Every structure is written in C-alpha cells, then in structure tokens.
Trainee: 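Pasting a structure here, questions to come.
These numbers come from the heavy atoms of this one structure, side chains and all, not from hydrogens, waters or symmetry mates. As the structure lists them, so they are numbered: ligands from 1, and atoms in each ligand from 1. Note that the structure is predicted; figures quoted are calculated from it, not measured.
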Amino acid sequence: MNMKTDFLIIGSGIAGLSYALKAAAFGKVCMITKADEDESNTKYAQGGIAAVMYSPDSYQKHIEDTLIAGDGLCDEEVVKMVITESAQRINELIEQGAKFDKTANGDYDLAKEGGHSEHRILHHKDNTGFEIERALLAAVHEHPNIEILDHYFAIDILTQHHLGIEVNSRKPDIECYGAYILNLRTNKIETILAKIILMASGGAGNVYATTTNPFIATGDGVAMVYRAKGKIEGMEFYQFHPTSLYNPGESPSYLISEAVRGFGGILKTIDGQEFMQKYDARKSLAPRDIVARAIDNEMKIRGDDYVYLDCRHLNKEELIKHFPNIYQKCLSIGIDMLKDYIPVVPAAHYMCGGIKVDKKGRSSIGRLYAAGECSSTGLHGANRLASNSLLEAVVYAHFAALDGIEKIKTLNFCEGIPDWNAEGTAYPEEMVLLIQSLREVQAIMTNYVGIVRSDLRLQRAFDRLEILYKENEALYLKTTISPKLCELRNLINVAYIIIKHARQRKESRGLHYTVNYPKVLS
Ligand code: FAD
Ligand code: SIN
C-alpha cells in the first residue's frame with residue numbers, strides 16, 4: 001500500500017504528538033511509529049518539565065541556569081525563545097489533558113533538579129512522561145484528521161536521490177518527499193509521500209551498553225537524515241544521567257530521578273562518605289556533566305562498581321508521595337529507600353546534538369522539520385539542563401507546525417519516486433552477526449567514547465567502528481530489511497558521527513571531557 005498525506009510525522013513521543021495536534025487543523029496527518037504507539041523516551045520521563053510559573057522564579061533565572069549548564073555553547077536567542085514560551089506551552093499541555101501535581105494551596109508543586117537555581121519543575125508524581133504521553137495520545141485519538149500507524153518502521157527518507165539526481169551535503173536544495181516504511185504487520189515496504197515531514201524519532205541511548213532509554217532509542221532519525229546528506233551537529237555531547245539504579249542484568253537501566261536529589265538525596269561512596277563537595281559547590285545538585293564525571297572518577301579511584309544515593313534522612317511520607325514508582329521499583333529488588341542506600345551508576349541518557357534546525361524547526365533539507373530529542377536547536381549547548389527537553393519538544397513542535405501550516409499551501413506531492421527495490425536480498429542466515437555487531441558497537445562506545453575520552457581512545461573507536469561499518473553495509477545490501485538490521489545500521493552511523501564530532505572538538509567542554517585537553521573541575 002502506498003499512501004499520500006499532507007503531514008508525515010515519524011515518531012509518537014511528545015514532539016510528534018504535540019505537532020500532530022497543531023497540524024491536523026490544516027491537513028491530513030499520518031503519524032508512523034515503530035513499536036506500540038506509546039513506546040518512547042517520553043513515556044519514561046520522570047522528573048518533569050521545566051517552566052517559569054511563579055515568582056521568585058523568573059525567565060532571566062531560568063535562562064541563566066540553561067546557559068551555565070550549556071557551558072558557553074547555547075544559542076542565547078534560542079534559550080530566550082524557548083524559556084519565554086514555557087508557561088504558554090505548559091498551559092496548552094494542561095488544556096490537552098496533562099495533569100501536574102499541586103500543593104494543598106492549589107499552586108503547582110514545583111520540584112528542583114541539578115543546575116536549577118529555583119524550584120521550577122512541573123511533575124506528575126515521578127512518572128510525568130507517562131502522564132503527558134497518555135494525555136496527548138488521548139487527544140490525538142479524538143482527532144479525525146490524524147491517523148496513527150503503529151508498528152511501522154521508517155527506513156529512509158525520500159529525496160532527489162530517489163529520482164536518480166545526485167545529492168550531496170553542499171547542495172542547498174535537497175528536498176524531502178516522504179519515506180520508505182516497513183509495515184511490520186505485513187513485512188512489506190511501503191512508500192509514504194508527504195508535503196511536509198516532521199522527524200520526531202527521539203534519542204539514541206542504545207549506542208551505549210548502559211542506558212536509561214528504552215529499546216526504541218536507536219538514533220534512526222539522525223542516521224536517516226545523515227544518509228540523506230542533512231546537517232547534524234553537537235553529537236559529541238551525549239549526556240550521561242548520574243543516577244541510574246545499579247541492578248546488573250537489567251536493561252534498560254531504571255532511572256532514579258534527579259528530583260530525588262532535588263528533594264535532598266545525597267551521593268556517597270560505598271563507605272558512606274559524601275564526595276560531591278570535592279567537585280562542585282552545588283554538591284549533589286551540580287549540573288549533570290559534573291556529577292556524572294565525579295561519580296565516574298570516584299568509582300575509578302576506589303575500584304567500586306557504583307556509588308550510593310542516601311535518602312534515609314528524608315521525610316518518609318513525603319518521599320513516598322513524591323516518588324511512589326521509584327520507591328516500589330527499589331522495593332522490588334530488595335531496597336527500601338527509607339532505610340537502605342540506593343546503589344547508582346551513570347547511564348547514557350540524552351542526545352544533546354542531532355539534526356540541526358533553525359528557530360522554526362527547519363532542517364537543512366527542504367520540507368523536512370525536526371523536533372524533540374532527535375533535533376539540535378541550540379538550547380542545550382554542551383550540556384542539557386535537567387527537564388529542559390520536554391519543554392524544548394513542545395516549543396519546537398509549536399513553531400515547526402506554524403511554519404509548516406504556511407508552507408504547505410504552496411507544496412505538491414513529488415512524482416516519480418520508485419517503489420522500494422528488494423531485488424537480490426534474502427533473509428539473514430545468521431542473526432548472531434547482527435547481535436554480535438550490536439554488542440561490539442556498544443562496547444566500543446562505552447569503553448572509548450563514554451564520560452571520559454582521549455585522543456587515543458577515540459582513534460581506537462574510529463578504527464574498530466570502521467570494520468563494523470564495512471561489514472554491516474555489505475550485509476545490508478544482500479539482506480531482507482528488518483528493524484534489527486536497520487537499527488544496527490543506524491546505531492553504527494550515530495556512533496560514527498559521535499566519534500567524528502568528538503575528534504573535531506579539541507577541548508573539554510560540557511559533556512565532552514577529554515584527558516588530552518583537560519579542564520579543571522570547577
Ligand atoms: P521520544 O519520546 O523518544 O519518541 C520517539 C518516537 O519515535 C517513538 O515513538 C519511537 O518509537 C519513534 N521512532 C523512532 N525511530 C523510528 C523509526 N525508524 N520509525 C518509526 N518510528 C520511530 N526529559 C525531561 O525534560 N524531563 C524528564 O523528567 C525526563 N526524564 C527522562 C527519564 C528517562 C528514563 C528518559 C529515557 C528520558 C527522560 N527525559 C526527560 C528526556 C525526554 O523524555 C526525551 O528527551 C523526550 O521525551 C523525547 O521526546 P521525543 O518526542 O523527541 O522522542
Ligand atoms: C530525571 O528525572 O532525573 C530526568 C530529568 C531529565 O532527564 O531531564
């Protein structure tokens with residue numbers, strides 16, 4: 001089945017859903033998503049969404065906190081734009097049905113996280129993302145102009161390349177016309193043509209061995225746009241969350257929200273000593289790059305596999321009220337956070353770089369927009385401030401939709417795109433080839449391109465990845481398309497871009513820390 005739609009959205013997390021609700025008044029929207037419709041990073045977001053709601057907080061304070069976390073690389077105009085939009089976009093989310101916790105006097109119960117100078121995180125207990133995803137999906141289901149196709153896997157976006165015209169990254173006029181999509185129910189590859197395309201495919205945490213991201217986070221959007229010769233930036237800034245639950249064998253890693261530290265949780269080494277004062281005056285609530293690096297350093301010096309988060313001194317009823325899911329999760333593995341230390345380790349968490357977009361969410365490829373974690377807007381710079389990503393996703397979905405609604409009036413469908421050609425391919429004889437290559441990519445990235453890097457490690461990573469790249473491209477050409485094959489290919493592409501960008505950055509900044517260009521921990 002081939003299809004035509006006004007707006008094609010790839011991904012059903014907060015970015016894709018928010019965009020769909022705006023675009024649908026102006027044309028037919030088709031949203032495709034590769035797993036169950038709610039499966040996304042969004043669904044697992046815990047801490048909440050940052051916004052300036054009341055004094056003593058102010059836009060200026062939130063702007064400054066964002067700029068400080070970004071370590072000099074944020075686009076200041078973008079930071080101002082996103083933060084001054086925050087209250088409006090939050091109110092829209094509330095109108096769309098999302099519920100945020102309130103205090104007894106009816107004000108929003110604002111939490112605090114690392115790098116924030118004020119309490120400004122709106123949340124729904126400790127499962128804010130689940131609540132947002134629920135509300136937006138319900139609103140989308142109500143809309144007659146939006147169709148969601150779940151278990152539809154985007155393989156590649158369509159450009160002039162598919163019309164036989166040469167495309168390269170120096171050409172300013174590349175255009176996107178839709179995508180080739182694998183229908184996972186029929187195993188057939190379909191062509192979806194669209195006038196406007198939004199990439200909302202989320203992050204790529206699975207490029208590392210340990211991540212808080214669900215299995216869908218394989219960097220597909222970044223890899224597709226990279227292959228289509230679109231601009232990608234900032235990929236050296238992969239954020240490791242300081243505190244994922246240390247529970248060997250569990251994948252993905254369960255997150256222990258930064259809001260727990262905002263609530264008073266204290267990091268300690270396993271002999272019960274506080275250590276963050278050695279690294280930053282803000283201690284356990286310093287920005288994530290600093291805390292993750294400090295934990296990594298303590299673990300390496302001491303030879304420990306984890307550090308502890310101590311919550312035993314906190315108000316027990318309030319702790320359970322604010323973090324019921326974290327409390328239950330810990331209990332399920334025999335840890336009572338009211339009485340026991342919680343063992344934690346850093347885990348890959350958020351892709352700060354991605355598809356380069358302007359203030360309207362436009363990528364370097366015509367008709368193609370990007371929003372949410374797959375995009376690079378300039379908001380995060382070298383390190384994202386906690387809970388700024390859900391905010392960024394709704395703000396950019398808004399501006400991208402406004403621009404697309406105007407543009408679509410002058411656009412037509414592309415003619416002449418051929419159907420997918422599967423000639424000469426066969427089902428893989430040995431799945432072990434894919435599984436082993438995936439493990440190798442993750443090991444290379446974890447050991448050589450993790451929290452602390454060096455020129456030598458990056459060189460090694462590059463050399464080893466090249467072998468995997470060549471092997472996998474050869475396999476790709478002769479193998480029947482499957483999500484596992486495509487995801488591996490995408491992760492190899494993403495790993496390559498992270499290494500390339502890391503090698504180009506001859507300094508330690510934000511999340512990119514290299515021993516060859518050290519920066520004193522402040
Ligand atoms: P996602 O929500 O990840 O959605 C991506 C969608 O694209 C999914 O539906 C996926 O299936 C689909 N997709 C991907 N590839 C394809 C393909 N090839 N074909 C079809 N569909 C595809 N941020 C905050 O601001 N506050 C928080 O408290 C917070 N907590 C977090 C906790 C955890 C455990 C995690 C993992 C992240 C957290 N984040 C938080 C980050 C935040 O959740 C994400 O950055 C944000 O939800 C990303 O939204 P998105 O719409 O861009 O992508
Ligand atoms: C958390 O709850 O710690 C996650 C917040 C975020 O990633 O922004």
Trainee: Please could you name the atoms of ligand 1 that Ser389 approaches to less than 4.0 Å, counting only its heavy atoms?
Mentor: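 By the 4.0 Å cutoff, the relevant atoms are 23 (N), 24 (C), 25 (O), 40 (C), 41 (C), 42 (C), 45 (O).
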Trainee: Would one find an N or O of Tyr350, backbone or side chain, under 3.5 Å from an N or O of ligand 1?
Mentor: no
Trainee: Under a plain distance cut-off of 3.5 Å, with no hydrogens placed, do Tyr59 and Glu64 share a side-chain donor-acceptor pair?
Mentor: no
Trainee: Measure the distance from atom 36 (C) of ligand 1 to every protein heavy atom, then report the residue, atom name and distance (to 0.1 Å) of the closest one.
Mentor: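 In this structure, atom 36 (C) of ligand 1 has Asn213 ND2, 3.4 Å as its nearest protein heavy atom.
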Trainee: For ligand 1, does Glu37 get within less than 4.0 Å through its side chain, its backbone, both, or neither, judged by non-hydrogen atoms?
Mentor: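 For Glu37, no heavy atom sits under 4.0 Å from ligand 1.
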Trainee: Are Glu131 and Lys125 close enough for a salt bridge, meaning some N to O gap below 4.0 Å?
Mentor: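 No, Glu131 and Lys125 are not salt-bridged.
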Trainee: Applying side-chain contact (heavy atoms from CB on, under 4.5 Å), can you list everything that pairs with Phe130, at least two apart in sequence or on another chain?
Mentor: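 Phe130 satisfies side-chain contact (heavy atoms from CB on, under 4.5 Å) with Lys43, Asn127 once adjacent residues are dropped.
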Trainee: Does NE2 belonging to His501 count more than 12 external heavy atoms closer than 6.0 Å?
Mentor: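 Check passes, neighbour count above 12.
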Trainee: Which residue and atom name correspond to the protein heavy atom nearest atom 31 (C) of ligand 1, and how close is it?
Mentor: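 Ranked first by proximity to atom 31 (C) of ligand 1 is Ala45 CA, 3.3 Å.
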Trainee: Which one of Gly372, Gly11, Ala200 has a non-hydrogen atom at the shortest distance from atom 5 (C) of ligand 1?
Mentor: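 Among Gly372, Gly11, Ala200, the closest heavy atom to atom 5 (C) of ligand 1 belongs to Ala200.
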Trainee: Check whether the side chains of Glu250 and Asn247 place a donor and an acceptor atom closer than 3.5 Å, and report yes or no.
Mentor: yes
Trainee: Would you please indicate if the ring centroids of Tyr369 and Tyr396 are separated by under 6.0 Å?
Mentor: no
Trainee: Identify, chain by chain and in numerical order, each protein residue with a heavy atom under 4.0 Å from an atom of ligand 2.
Mentor: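 Ligand 2 pocket, heavy atoms under 4.0 Å: Gln46, Gly47, Glu113, His241, Leu255, Ser257, Glu258, Arg288, His349, Arg384, Ala386, Ser387.
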Trainee: Check for me whether Arg384 has a heavy atom closer than 4.0 Å to any atom of ligand 1.
Mentor: yes
Trainee: With only distance considered, is Pro214 within less than 3.5 Å of ligand 1 through an N or O on each side?
Mentor: no
Trainee: Starting from atom 37 (C) of ligand 1, locate the nearest protein heavy atom and write down its residue, its atom name and how far away it is, to 0.1 Å.
Mentor: His349 CE1, 3.5 Å
Trainee: Classify the ring geometry between Tyr341 and Tyr308 as parallel (under 30°), tilted (30 to 60°) or perpendicular (over 60°).
Mentor: parallel
Trainee: Please list the nearest protein heavy atom to atom 53 (O) of ligand 1 with its residue and the distance rounded to 0.1 Å.
Mentor: Gly202 CA, 3.3 Å
Trainee: Is ligand 1 under 4.0 Å from a heavy atom in the side chain of Ala217, in the backbone, in both, or in neither?
Mentor: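 Near ligand 1, Ala217 shows nothing, with every heavy atom at 4.0 Å or more.
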Trainee: Among protein heavy atoms, which lies nearest atom 17 (C) of ligand 1, and at what distance?
Mentor: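 Sorting protein heavy atoms by distance from atom 17 (C) of ligand 1 puts Asp220 OD2, 3.5 Å first.
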Trainee: Any ion pair linking Lys34 and Asp220 (charged N to carboxylate O, less than 4.0 Å)?
Mentor: yes
Trainee: Check the angle between the aromatic planes of Tyr350 and His380 and answer parallel, tilted or perpendicular using the 30° and 60° thresholds.
Mentor: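 Perpendicular, since the angle between the ring planes exceeds 60°.
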Trainee: Got the closest protein heavy atom to atom 22 (C) of ligand 1, with its distance?
Mentor: Lys34 CG, 3.8 Å
Trainee: What are the atoms of ligand 1, with element, lying closer than 4.0 Å to any heavy atom of Tyr152?
Mentor: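 It comes down to these atoms of ligand 1: 19 (N), 20 (C).
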Trainee: Is the closest heavy atom of Gly129 to ligand 1 under 4.0 Å?
Mentor: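 Distance cut 4.0 Å: Gly129 fails for ligand 1.
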Trainee: Which bit of Gln46 is near ligand 1, meaning a heavy atom under 4.0 Å away: side chain, backbone, both or neither?
Mentor: backbone
Trainee: Looking only at heavy atoms of Ile49, does any of them come nearer than 4.0 Å to an atom of ligand 1?
Mentor: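 For ligand 1, residue contact (heavy atoms, under 4.0 Å) with Ile49 is absent.
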Trainee: Whether Arg489 engages the ring of Tyr476 as a cation-pi pair (distance to the six-membered ring centre under 6.0 angstrom, angle to the ring normal within 45°) should be assessed.
Mentor: yes
Trainee: Are any of the N or O atoms of Thr33 closer than 3.5 Å to those of ligand 1?
Mentor: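 N/O-N/O distance below 3.5 Å exists for this pair.
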Trainee: For ligand 1, is there an N or O atom under 3.5 Å from any N or O atom of Ala35?
Mentor: no
Trainee: Charged N to carboxylate O below 4.0 Å: is that the case for Asp109 and Lys102?
Mentor: no
Trainee: May I ask you to decide whether Arg185 forms a salt bridge with Asp150, counting only side-chain N to carboxylate O separations under 4.0 Å?
Mentor: yes
Trainee: Indicate whether the side chain of Ser117 and that of Asp65 have a donor and an acceptor atom separated by less than 3.5 Å.
Mentor: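 Looking only at side-chain atoms, Asp65 and Ser117 do form a donor-acceptor pair, the distance falling under 3.5 Å.
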Trainee: Tell me the nearest of Thr212, Thr218, Asn41 to atom 1 (P) of ligand 1, using heavy-atom distances.
Mentor: Asn41
Trainee: Considering both backbone and side-chain atoms of Gly47, is one of its nitrogen or oxygen atoms within less than 3.5 Å of a nitrogen or oxygen in ligand 1?
Mentor: yes
Trainee: Ring-plane angle category for Tyr108 and Tyr54, please: parallel below 30°, perpendicular beyond 60°, tilted otherwise.
Mentor: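 Because their plane-to-plane angle is under 30°, the rings of Tyr108 and Tyr54 count as parallel.
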Trainee: Looking at His241, Met276, Glu258, which one forms a side-chain contact (heavy atoms from CB on, under 4.5 Å) with Val291?
Mentor: Met276
Trainee: Quick test: of every protein heavy atom, which one is nearest to atom 50 (P) of ligand 1, and how far off is it to 0.1 Å?
Mentor: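 The closest one turns out to be Thr42 OG1, 4.0 Å.
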Trainee: Less than 4.0 Å between a side-chain N and a carboxylate O, is that true for Asp358 and Lys360?
Mentor: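 Here Lys360 does not pair with Asp358 in a salt bridge, since their nearest N and O are not under 4.0 Å apart.
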Trainee: Which residue supplies the protein heavy atom nearest to atom 44 (C) of ligand 1, what is that atom called, and how far is it?
Mentor: Glu373 OE1, 3.2 Å
Trainee: Which ligand 1 atoms does Glu39 reach within 4.0 Å, using its non-hydrogen atoms?
Mentor: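 Those of ligand 1 that fall under 4.0 Å from Glu39 are 8 (C), 9 (O), 10 (C), 11 (O).
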Trainee: Would you call the rings of Phe7 and Tyr19 parallel, tilted or perpendicular if under 30° counts as parallel and over 60° as perpendicular?
Mentor: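 Judged by the thresholds at 30° and 60°, the geometry between Phe7 and Tyr19 is perpendicular.
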Trainee: Do the numbers put Lys329 on top of the ring of Tyr254, so that NZ or CZ is under 6.0 Å from the six-membered ring centre and no more than 45° off the axis?
Mentor: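 Yes; both conditions hold, so Lys329 lies above the ring face of Tyr254.
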Trainee: Has Ser387 got any heavy atom lying under 4.0 angstrom from an atom of ligand 1?
Mentor: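 Within the 4.0 Å threshold, so yes.
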Trainee: Please verify the inter-ring angle class for His322 with His123; under 30° counts as parallel, over 60° as perpendicular, anything in between as tilted.
Mentor: tilted
Trainee: Below 4.0 angstrom from a heavy atom of Tyr44, which ligand 1 atoms are there? Numbered from 1 as shown, please.
Mentor: 32 (C), 33 (C), 34 (C)
